[in-house]
Amino acid sequence: MSDIQLTAARRAVLQAVSDGEVKHHRRWGRDPDEDVWRPASGGHKRVNAGVEFLRKAGLIKLGPPTGDSMFASRLWQLTDLGEQWLAEHPEES
């Protein structure tokens with residue numbers, strides 16, 4: 001595996017994906033889609049840029065829709081590479 005370097009913020013998003021806390025929301029019309037991290041501790045944070053980097057690196061992928069609508073939210077999931085990266089880089093942040 002090529003050694004993918006992640007900033008602390010990107011690593012935190014990758015861990016949040018692993019924990020099932022990052023959703024992709026499709027929007028109607030001109031509103032852009034957004035990726036939102038909702039930690040179990042409460043609150044939320046928009047993480048579009050971090051998610052895009054992780055997706056392009058092959059560490060995450062979109063999971064199945066959470067509903068029947070084409071605009072249903074989807075949870076981001078780890079790929080095999082993402083699982084391997086987390087296993088090889090435990091708690092570096």
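Please read all numbers here as calculations on a predicted model, not as lab measurements. The figures here come from the full heavy-atom set of this structure, side chains too, leaving out hydrogens, waters and symmetry mates. For reference, positions follow the sequence shown, starting with 1.
Under the 4.5 Å side-chain heavy-atom criterion for grouping Ile, Leu, Val, Met, Phe, Trp and Tyr, Trp37 is not connected to Leu75 through any hydrophobic cluster.
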Quiz item: What do the steps show when you test Lys61 against Leu54 for side chain to side chain contact (heavy atoms under 4.5 Å, CB included), and what is the final call?
Solution: CA-CA 9 Å; Lys61 63 183 179 183; Leu54 297 172; over 6 Å; no
Exercise. Take Leu86 and Gln15 through the side chain to side chain contact (heavy atoms under 4.5 Å, CB included) test and state the conclusion after the steps.
Key: CA-CA 8 Å; Leu86 280 176; Gln15 184 62 54; 3.8 Å; yes
Exercise. Please test Val13 against Trp76 for side chain to side chain contact (heavy atoms under 4.5 Å, CB included), starting from the C-alpha separation and ending with a verdict.
Key: CA-CA 10 Å; Val13 173; Trp76 284 99; over 6 Å; no
Practice problem: Could you check Gln84 against Asp80 for side chain to side chain donor-acceptor pair (under 3.5 Å), going step by step and ending with a plain yes or no? | Solution: CA-CA 6 Å; Gln84 181 181 354; Asp80 291 341; over 6 Å; no
Quiz prompt | side chain to side chain contact (heavy atoms under 4.5 Å, CB included) assessment of Arg38 paired with Glu21 | solution = CA-CA 5 Å; Arg38 295 190 188 279; Glu21 297 176 344; 5.6 Å; no
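Taking both residues in full, the closest heavy atoms of Lys23 and Ser73 are given as CD-CB, 4.0 Å, listed atom of the first, atom of the second, then distance. Taking all atoms of both residues into account, the shortest heavy-atom contact from Asp3 to Gln5 is OD2-NE2, 2.6 Å. Heavy-atom minimum distance, Pro64 versus Gln77: CD-NE2, 3.7 Å. Residue Ile60 comes nearest to Leu78 through the heavy atom pair CG2-CD2, 4.1 Å, listed as atom of the first residue, atom of the second, then distance. In this structure, Ala72 and Gly67 approach most closely via the heavy-atom pair CB-N, 3.5 Å.
Rounded to the nearest 0.5 Å, atoms CD1 (Ile4) and CZ (Arg11) are 13.0 Å apart.
Contact annotation: the side chain of Val22 never approaches that of Val36 to less than 4.5 Å [non-hydrogen atoms, C-beta and beyond].
No donor-acceptor pair under 3.5 Å is formed between the side chain of Asn48 and the backbone N or O of Pro32. Without hydrogens or angle criteria, Thr79 side chain to Leu59 main chain gives a donor-acceptor distance under 3.5 Å. A donor-acceptor pair is defined here as one N or O able to donate and one able to accept, closer than 3.5 Å; no such pair exists between the side chain of Arg74 and the backbone of Arg26. The main-chain N or O of Val47 is never found under 3.5 Å from a side-chain atom of Asp35 such that the two would form a donor-acceptor pair.
For His44, the side chain to side chain donor-acceptor pair (under 3.5 Å) criterion is met by no residue, not counting sequence neighbours.
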